[in-house]
Amino acid sequence: MFDAILTSAIRALPVFAAHLAVTLLILVAGVLIYQALTPQKESRLIRENNAAAGVAFGAAILSLALPLGMCLARSVSIPDIIVWGIVALIVQLGTFFVARLIFHELVARIERGEMASAAALGATHLSVAIINAAAIAG
């Protein structure tokens, strides 16, 4: 019985690896796109030990990963992961721009290290990510 389970797992390993790799590539692309689209320079701010930037950027990464994880869990194929992954990224990237409309001077506040703004942005990102993941799950 254990041999059958092991054989089945070994046969499934290439599909697992391919699905995982595609999902991780979408995550990396999403993070890079997020960094390119946002006016603050997260990497520089984090190197300067700006905790607010670290919190906001960390929440943004988690908010990209959460719906992508659901894409991976519910996928039936690599094209399925790609399509829903792109939809998930668009929703999550759009969240930042909507948050900027709601939270006055959000970027400047995070650049100044204001944790309240970082927490509000992070909570917004993660809240939308939870709903986004649930919508993807159907």
Side-chain angles (χ1 to χ4, degrees):
M1 179 168 158
F2 181 72
D3 288 341
I5 293 170
L6 185 59
T7 301
S8 175
I10 290 171
R11 283 191 194 132
L13 195 56
V15 172
F16 161 80
H19 285 207
L20 180 64
V22 166
T23 304
L24 288 173
L25 284 172
I26 295 170
L27 176 61
V28 169
V31 170
L32 294 173
I33 292 167
Y34 180 85
Q35 285 183 304
L37 293 178
T38 56
Q40 70 269 28
K41 300 300 171 211
E42 291 87 356
S43 297
R44 178 185 54 80
L45 292 169
I46 292 167
R47 278 193 305 274
E48 293 171 356
N49 201 30
N50 182 320
V55 166
F57 188 56
I61 293 169
L62 289 170
S63 77
L64 292 169
L66 185 60
L68 289 174
M70 188 57 69
C71 288
L72 180 59
R74 302 288 293 187
S75 70
V76 295
S77 65
I78 288 177
D80 191 41
I81 293 170
I82 292 169
V83 168
W84 287 107
I86 290 170
V87 170
L89 290 182
I90 290 169
V91 170
Q92 292 309 129
L93 294 170
T95 300
F96 174 77
F97 296 102
V98 172
R100 281 184 65 191
L101 296 173
I102 296 169
F103 299 112
H104 184 65
E105 295 183 10
L106 179 65
V107 172
R109 290 174 184 262
I110 290 172
E111 288 175 341
R112 288 192 302 262
E114 295 181 19
M115 288 298 292
S117 294
L121 177 60
T124 302
H125 272 302
L126 292 169
S127 297
V128 172
I130 291 167
I131 295 166
N132 193 1
I136 288 167

Check the hydrophobic clustering (I, L, V, M, F, W, Y; side-chain heavy atoms under 4.5 Å; chains of links allowed) and say if Val128 and Ile61 are grouped together. no
Applying salt bridge (charged side-chain N to carboxylate O under 4.0 Å, His left out) as the test, list every pair that has at least one member in residues 37-51; sequence neighbours left out. Arg44-Glu48
Okay, side chain of Ser8, backbone of Ile5: is any donor-acceptor separation there less than 3.5 Å? no
Distance, nearest 0.5 Å, that separates CZ of Arg100 from OG1 of Thr38: 9.0 Å
For Phe96 and Tyr34, take the angle between the two ring planes, folded into 0 to 90°, and tell me which bin it lands in: parallel under 30, tilted 30 to 60, perpendicular over 60. perpendicular
In one Ile/Leu/Val/Met/Phe/Trp/Tyr side-chain cluster, 4.5 Å: Ile33, Ile86: yes
Spacing of Leu106 atom CG and Phe97 atom CZ [to the nearest 0.5 Å]: 11.0 Å
Is the closest side-chain heavy-atom distance between Leu89 and Leu68 below 4.5 Å? yes
Could you report the tightest heavy-atom contact between Ile136 and Cys71, atom names first, then the distance? CD1-SG, 3.8 Å
List the atom of Ala65, the atom of Leu27, and the distance in Å for their closest heavy-atom pair. N-CD1, 3.9 Å
Output the rest of the hydrophobic cluster of Leu25: all Ile, Leu, Val, Met, Phe, Trp and Tyr residues reachable through side-chain heavy-atom contacts under 4.5 Å, sorted by chain and number. none
For the pair Thr7 (side chain) and Ala4 (backbone), establish whether a donor and an acceptor sit closer than 3.5 Å, ignoring hydrogens and angles. no
Can you tell me how far the CD atom of Glu111 sits from the CG atom of Asn50, to the nearest 0.5 Å? 8.5 Å
Considering all heavy atoms, the nearest Ala129-Gln92 contact: CA-OE1, 3.2 Å
By side chain to side chain donor-acceptor pair (under 3.5 Å) - contacts of Glu114 (at least two apart): Arg109, Arg112
Looking at CD1 of Ile90 and OG1 of Thr95, how far apart are the two atoms once the value is rounded to the nearest 0.5 Å? 11.5 Å
Do Leu121 and Val107 sit in the same hydrophobic cluster, where Ile, Leu, Val, Met, Phe, Trp and Tyr count as joined when their side-chain heavy atoms come under 4.5 Å apart? yes
When clusters are formed by joining ILVMFWY residues with side-chain heavy atoms under 4.5 Å apart, either directly or through shared neighbours, do Leu126 and Ile131 land in the same one? no
For Ala52 against Ile110, the heavy-atom pair lying closest together: CB-O, 3.9 Å
Grouping I, L, V, M, F, W and Y whenever their side-chain heavy atoms are under 4.5 Å apart, do Val83 and Val91 come out in a common cluster? no
Any Val31 side-chain heavy atom under 4.5 Å of Leu64 side chain: yes
Which ILVMFWY residues can you reach from Leu101 by hopping between side chains whose heavy atoms are under 4.5 Å apart? none
Here the gap from Leu72 atom CG to Asp80 atom CG, rounded to the nearest 0.5 Å, amounts to 10.5 Å
Linking Ile, Leu, Val, Met, Phe, Trp and Tyr through side-chain heavy atoms less than 4.5 Å apart, which residues share a cluster with Leu32? Val28
If I compare all heavy atoms of Met70 with all of Ala137, which pair ends up nearest, and what's the gap? SD-CB, 3.6 Å
Minimum heavy-atom distance Val76-His19, with the two atoms named: C-CE1, 4.5 Å
Rounding to 0.5 Å, atoms CD (Gln40) and CZ (Phe57) come to a distance of 9.5 Å
Who passes side chain to side chain donor-acceptor pair (under 3.5 Å) against Ser127, sequence neighbours left out? none
